Colleague: 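Here it is, the structure in full.
These figures come from a predicted structure and were not determined experimentally. Quick note: residue numbers are just sequence positions, from 1.
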Amino acid sequence: MAFLQKLFQQSNKDEGFKPAPFETGYFGTVKADPNFNAQNDAAKLKKAIETKGVDEASIVEVIAKKTNAQRQQIKEAYKQSTGKPLADALKKALKSDFEEVVLALLMTPPEYDAFEMKTALKNMGTNETVLNEILGTRSNKEITALKNTYKEVYGEMLEENIKSDVKGDLETTLLALCKATRSEDRNIDDGVAKSDAKALFEAGENRIGTVCAVLIDILTNRSEAQLCKVLQHYGQLSKDGFAKDLEGELHGNFEDCLMTLVKAAWNKPAYFAERLHLAMKGLGTSTDTLTRIIVSRSEIDLLKIMQEYKRMYGKSLQEDLLKETSGDYEKIVLAICGTP
């Protein structure tokens, strides 16, 4: 069966994906407050929480305009001055989506990733899309920190929980990513890339089981830079590309997992821009997805995600957030995006 044939062209044309150049620098939207004082901020939060009706505007101002490292200091100062955890006080004072994003901002990045993974695994019906997104886009260091935090906070092994909830090729792929041994070398081996592209192309002539094994091996082991070169060589072997054949031959969560790996390698900010767009498209808005991506990328590449969003959809992320969200939730996500 002809398989694995349509990614290179489709990534450029149909889905708005363009390969992202390798850049150094800071691309987060949240920057350290140069006049930071943890004790003062803790006092402001205590007053805001105790104000009749709760002063949500002050909570946004304090929480959203500080880096995660500064928020950890605020938590410590609050605990020292009140004897109570800040998160507990905010849980009692806040509600709904606004509460969720504030609590997310108070967690360290590994704590938040672990929380999202645990939530995805414990619900009635596993949320595989969240598992794919997190494991498919994090570095080895981030995955290791996530696993260690998961064990510390929940007393369980992430891999064991995945084994309990996920089966088949998706389980194999997620467990391979959990090893956190994927190459992160920026140097590209052109010969290996050609060989991998040929292996992927020829796997399409064999039975589906062989195809999946080859796919999983290459996509979970090669560095993102190397995988981009594989996809370029693959585009020379086939007149189409690889995404539509994945859609035709695979389906559901396994296909989503593989496409997450491919899109994240090709252009990670564009991948997240697409996820944010889909979260707001159609009836109903997935605030869970908005919160997870905006919070988790706020000190990594949210500026680049916003640039890709504008390029891909012709309007700013903030424009769509204004249209699709409201109230204090809208104010805090816009604040994280850098909107005054």
Colleague: If you measure from the Lys or Arg side-chain nitrogens to the Asp or Glu carboxylate oxygens, is any gap between D55 and K47 under 4.0 Å?
Modeller: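 Salt bridge flag = no for K47 with D55.
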
Colleague: Do Y150 and N161 pair up side chain to side chain, a donor and an acceptor below 3.5 Å, judged on atom types alone?
Modeller: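 Their side chains do contain a donor-acceptor pair, which is all the 3.5 Å distance test asks for.
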
Colleague: State whether the side chain of R186 and the backbone N or O of A225 hold a donor-acceptor pair below 3.5 Å, judged by distance alone.
Modeller: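 The answer is no, because no donor-acceptor pair under 3.5 Å joins these two groups.
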
Colleague: Which heavy atom of Q232 sits nearest a heavy atom of W266, and at what distance?
Modeller: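 Answer, listing the atom of Q232 first, then W266: CG-CH2, 4.0 Å.
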
Colleague: With a 4.5 Å limit on heavy-atom distance, are the side chains of D33 and K65 in contact?
Modeller: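 Result no, sub-4.5 Å side-chain heavy-atom pair not found.
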
Colleague: What pairs of residues pass the ring-ring contact (aromatic ring centres under 6.0 Å, His included) test when at least one of them lies in residues 60-104, not counting sequence neighbours?
Modeller: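 Found none.
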
Colleague: Using modelled atom types and a 3.5 Å cut-off, is there a donor and acceptor pairing between side-chain atoms of E142 and backbone atoms of S139?
Modeller: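 Between the backbone of S139 and the side chain of E142 there is a qualifying donor-acceptor contact (under 3.5 Å).
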
Colleague: Between the side chains of K141 and E184, is the shortest nitrogen-to-carboxylate-oxygen separation below 4.0 Å, so that they form an ion pair?
Modeller: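 Looking at K141 together with E184, the answer is no, because their closest N to O distance does not fall below 4.0 Å.
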
Colleague: Under 3.5 Å, is there a donor-acceptor pair between the side chain of R182 and the main chain of R222?
Modeller: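 Here the side-chain-to-backbone pair exists.
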
Colleague: Inspect the contact between E319 and K323 and indicate whether a charged nitrogen and a carboxylate oxygen are less than 4.0 angstrom apart.
Modeller: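 So K323 does not pair with E319 through a salt bridge.
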
Colleague: Ignoring hydrogens and geometry beyond distance, is a side-chain donor-acceptor pair present between D185 and S223 at under 3.5 Å?
Modeller: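 Result is no, nothing qualifies.
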
Colleague: Please identify which of these residues, E76, K75, K79, meets the side-chain contact (heavy atoms from CB on, under 4.5 Å) condition with L86.
Modeller: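 Testing each of E76, K75, K79 against L86, the sole residue satisfying side-chain contact (heavy atoms from CB on, under 4.5 Å) is K75.
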
Colleague: Exactly one of N253, L175, L131 should register a side-chain contact (heavy atoms from CB on, under 4.5 Å) with V166. Which one does?
Modeller: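 The side-chain contact (heavy atoms from CB on, under 4.5 Å) with V166 is passed solely by L131 among N253, L175, L131.
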
Colleague: Kindly give the heavy-atom pair with the smallest separation between V54 and I59, and that separation in Å.
Modeller: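 Here V54 and I59 meet closest at CG1-CD1, 3.8 Å.
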
Colleague: Does the pair K147/E159 count as a salt bridge with the N-to-O cut at 4.0 Å?
Modeller: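 Yes, K147 and E159 are salt-bridged.
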
Colleague: Do the side chains of R275 and E133 get close enough for a salt bridge, i.e. N-O under 4.0 angstrom?
Modeller: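 A salt bridge is present here (some side-chain N lies under 4.0 Å from a carboxylate O).
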
Colleague: Ion pair present between K331 and E56, side-chain N to carboxylate O less than 4.0 angstrom?
Modeller: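 A salt bridge is absent here (no side-chain N lies under 4.0 Å from a carboxylate O).
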
Colleague: Any ion pair linking K268 and D301 (charged N to carboxylate O, less than 4.0 Å)?
Modeller: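 No.
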
Colleague: Less than 6.0 angstrom from the centroid, inside 45 degrees of the normal: does K263 satisfy that with respect to the ring of Y271?
Modeller: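 No, K263 and Y271 do not form such a contact.
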
Colleague: Has S164 got a side-chain atom pairing as donor or acceptor with E160's backbone, closer than 3.5 angstrom?
Modeller: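 Side chain of S164 to backbone of E160, a donor-acceptor pair under 3.5 Å: yes, one is there.
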
Colleague: Do K229 and D190 have side-chain heavy atoms sitting under 4.5 Å apart?
Modeller: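 Yes - at least one pair of side-chain heavy atoms lies under 4.5 Å apart.
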
